[in-house]
Protein chains: 2
Amino acid sequence: MPMDGAKTERLRETLAKYMAKKGLRSTEQRRLIVDTFFESPAHITIEELLANVRASDPKVGYATVYRTLKLLAESGIAHERRFGDGVTRYELADDEDEHHDHLICTECQAIIEFEDPRLEEIEQEIAERYGFEVQWHKHELYGVCASCQEKRNKKARNGRRK
Amino acid sequence: MPMDGAKTERLRETLAKYMAKKGLRSTEQRRLIVDTFFESPAHITIEELLANVRASDPKVGYATVYRTLKLLAESGIAHERRFGDGVTRYELADDEDEHHDHLICTECQAIIEFEDPRLEEIEQEIAERYGFEVQWHKHELYGVCASCQEKRNKKARNGRRK
DNA sequence: CTAAGTGCAAAAAGTTTGCATTCCG
DNA sequence: CGGAATGCAAACTTTTTGCACTTAG
């Protein structure tokens, strides 16, 4: 029994509509994978999701998770993300008009989400400048997070003391 | 004889310094690969660069291009980019304080570069808000370019006429 | 029934790496 | 000379696909 917020609810509807339109079927595996995905933290990989799914049903195959995630992406309720470490990650779509972006720590791989409406405005303006019709965007700042900076400083102090 | 602008000149120096510091050697292959890279359009793939390099010296191996590009990235004179189509692309670094970002057409794969100083400012502000030390960023708008929109409209008109 | 979905295993597609050989400094 | 660099091929990693079997509608 997945605990569904208003947002989740809306996404489920979107998915149902998409599947109906395309004549796709609701199977036990798909329901399980989708439910598990909805309960998972953002930026999950296929591998991770598969592990979670197998906790409920060990017989589910990698390919099914792979294909279901593709389906979610096509239907627009999930986004594929590649943060440059070679794996594809998935996250639930945002609401119609809100988007968030990411800060990615290059030391501990932490992913922090942020949001700023001004960025959206400027992006829109740029797109117009080029007659470009934006479908989605990717905005990622790579660097060192606060806690890794601290660790780094601590290490420096210890090194000196020795 | 590569035609070097002021920017290229500076990047070459940076590379030379980096190699000296690390005790790396200047080989015939590296010189050829680097020169070819400097003359290539932005966002080139290893495969493409290899083809261009082999036009001058067919014996150069994939791994050498791969490792040289890694070297350029480490030295800071080139950037690795992944635009989500599974291949890694490389482009020459920008000057110290100017950065550009990308518009990527999901139909014709065209890559358009843009630049807006306001984005830099806001990013900096966001990073500070999270105590984050930015090393580099990625800002890409995916969508349909002007010319593909036209094609699309044309097709729609023809379809209707038929 | 029958077309869509599943699971498995094999195929692709790219990226990395080990190693014998070559060659820069 | 001696350690770096190269080229080849093999190893890896992750994504994608073919196919025989199962199942939702």
Side-chain angles (χ1 to χ4, degrees), chain A residues 15-37 43-75 78-90 109, chain B residues 15-37 43-75 78-90 109:
Chain A
L15 176 59
K17 265 181 221 156
Y18 180 84
M19 290 182 68
K21 190 176 60 185
K22 293 264 185 171
L24 303 180
R25 295 170 184 177
S26 171
T27 66
E28 206 179 312
Q29 290 94 327
R30 278 189 183 162
R31 284 188 298 271
L32 173 58
I33 293 168
V34 171
D35 287 350
T36 307
F37 178 61
H43 317 121
I44 198 167
T45 64
I46 296 179
E47 206 83 50
E48 290 163 351
L49 184 55
L50 176 62
N52 293 346
V53 165
R54 282 190 169 159
S56 304
D57 179 353
K59 291 185 300 308
V60 175
Y62 180 102
T64 303
V65 174
Y66 167 78
R67 287 187 276 230
T68 301
L69 249 13
K70 278 285 187 235
L71 162 61
L72 297 191
E74 278 164 34
S75 76
H79 294 307
E80 280 187 341
R81 301 270 177 205
R82 292 182 207 192
F83 292 127
D85 59 349
V87 240
T88 305
R89 291 161 186 284
Y90 292 81
Q109 319 306 323
Chain B
L15 175 60
K17 265 181 218 154
Y18 180 85
M19 291 182 70
K21 190 176 62 187
K22 292 264 186 172
L24 303 180
R25 295 171 182 173
S26 172
T27 67
E28 206 178 311
Q29 290 92 328
R30 279 190 183 162
R31 285 188 298 272
L32 173 58
I33 293 168
V34 172
D35 287 350
T36 308
F37 178 60
H43 318 120
I44 196 166
T45 64
I46 295 179
E47 207 82 52
E48 291 164 350
L49 184 54
L50 176 62
N52 293 346
V53 165
R54 281 188 170 161
S56 303
D57 179 354
K59 290 183 303 306
V60 175
Y62 180 102
T64 303
V65 174
Y66 166 78
R67 287 186 277 232
T68 301
L69 248 11
K70 277 285 187 235
L71 164 61
L72 298 190
E74 279 165 31
S75 75
H79 294 308
E80 278 186 344
R81 301 270 178 208
R82 294 185 204 189
F83 293 126
D85 59 350
V87 241
T88 305
R89 292 162 186 283
Y90 293 83
Q109 318 307 321

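In this text the structure is predicted, and so the values were computed from the model without any measurement. Heavy-atom basis, side chains included; hydrogens, waters and symmetry copies ignored. So you know, we letter chains A, B, ... as the sequences are listed, proteins then strands, and number each from 1.
One finds no side-chain N or O of A:Tyr62 lying less than 4.0 angstrom from the OP1 or OP2 phosphate oxygen of C:dG7. Note on A:Gln29: every side-chain N or O is 4.0 Å or more away from OP1 and OP2 of D:dT23. Contact between the side-chain N/O atoms of B:Thr88 and the OP1/OP2 oxygens of C:dT15 is found at a separation under 4.0 Å.
Across the protein-nucleic acid pair, A:Leu50 atom CG and D:dT15 atom C1' stand 14 Å apart, rounded to whole Å. What separates CD of A:Glu48 from C1' of D:dT13 is a distance of 15 Å, to the nearest Å. Atom CE in A:Met19 sits roughly 10 Å away from atom C1' in C:dA4 (whole-Å rounding). What separates CD of A:Glu28 from C1' of D:dT23 is a distance of 11 Å, to the nearest Å. Atom NZ in B:Lys59 sits roughly 14 Å away from atom P in C:dT22 (whole-Å rounding). The CZ atom of B:Arg30 sits 15 Å away from the P atom of C:dC23 (whole-angstrom rounding). Between the P atom of D:dT15 and the CG atom of A:Leu71 lies a distance of 17 Å, rounded to the nearest Å. One can place CD1 of B:Ile33 at 7 Å from P of D:dT6, the figure rounded to the nearest angstrom.
The salt bridge (charged side-chain N to carboxylate O under 4.0 Å, His left out) with B:Asp85 is formed by just one residue from the set B:Arg82, B:Arg89, B:Arg81; it is B:Arg89.
The distance from atom OH of B:Tyr66 to atom CG of B:Leu49, rounded to the nearest 0.5 Å, is 14.5 Å. Put simply, CG on B:Asn52 and CD on B:Glu48 are 8.0 Å apart, with the number rounded to the nearest 0.5 Å. Of the inter-residue distances, the one linking B:Ile33 atom CD1 with B:Leu69 atom CG reads 8.0 Å to the nearest 0.5 angstrom.
A donor-acceptor contact under 3.5 Å links the side chain of B:Arg25 to the base of D:dG3.
Which of D:dT17, C:dG25, C:dT16 sits closest to the side chain of A:Tyr66 comes down to D:dT17. Among the nucleotides D:dG7, C:dA4, C:dT15, the one closest to any side-chain atom of A:Leu24 is C:dA4. If you check D:dG25, C:dG7, C:dG5 against the side chain of A:Val60, the one that comes closest is C:dG7. For B:Thr64, taking side-chain heavy atoms from C-beta onward, the closest of the listed nucleotides D:dG7, C:dG7, D:dG25 is D:dG7.
Closest-nucleotide positions on DNA chain C for B:Arg82 and B:Arg31 were compared, and the one nearer the 5' end corresponds to B:Arg82. Summary of the strand contacts: B:Arg54 and B:Lys22 both lie near DNA chain D, and taking for each the nucleotide with the nearest heavy atom, the more 5' one is attributed to B:Lys22. Looking at which nucleotide of DNA chain C each of B:Thr27 and B:Ala63 is closest to, the 5′-most match is held by B:Ala63.
Using a 4.0 Å heavy-atom distance criterion, A:Lys70 is classed as a sugar-phosphate-only contact. A:Arg67 comes within contact range of at least one nucleobase, with a heavy-atom separation under 4.0 Å.
In this structure, A:Glu47 places its CD atom where only 12 or fewer heavy-atom neighbours from other residues, nucleotides or ligands lie under 6.0 Å away.
Of the possible polar contacts, one joining the B:Arg30 side chain to the B:Arg25 backbone as a donor-acceptor pair under 3.5 Å is found.
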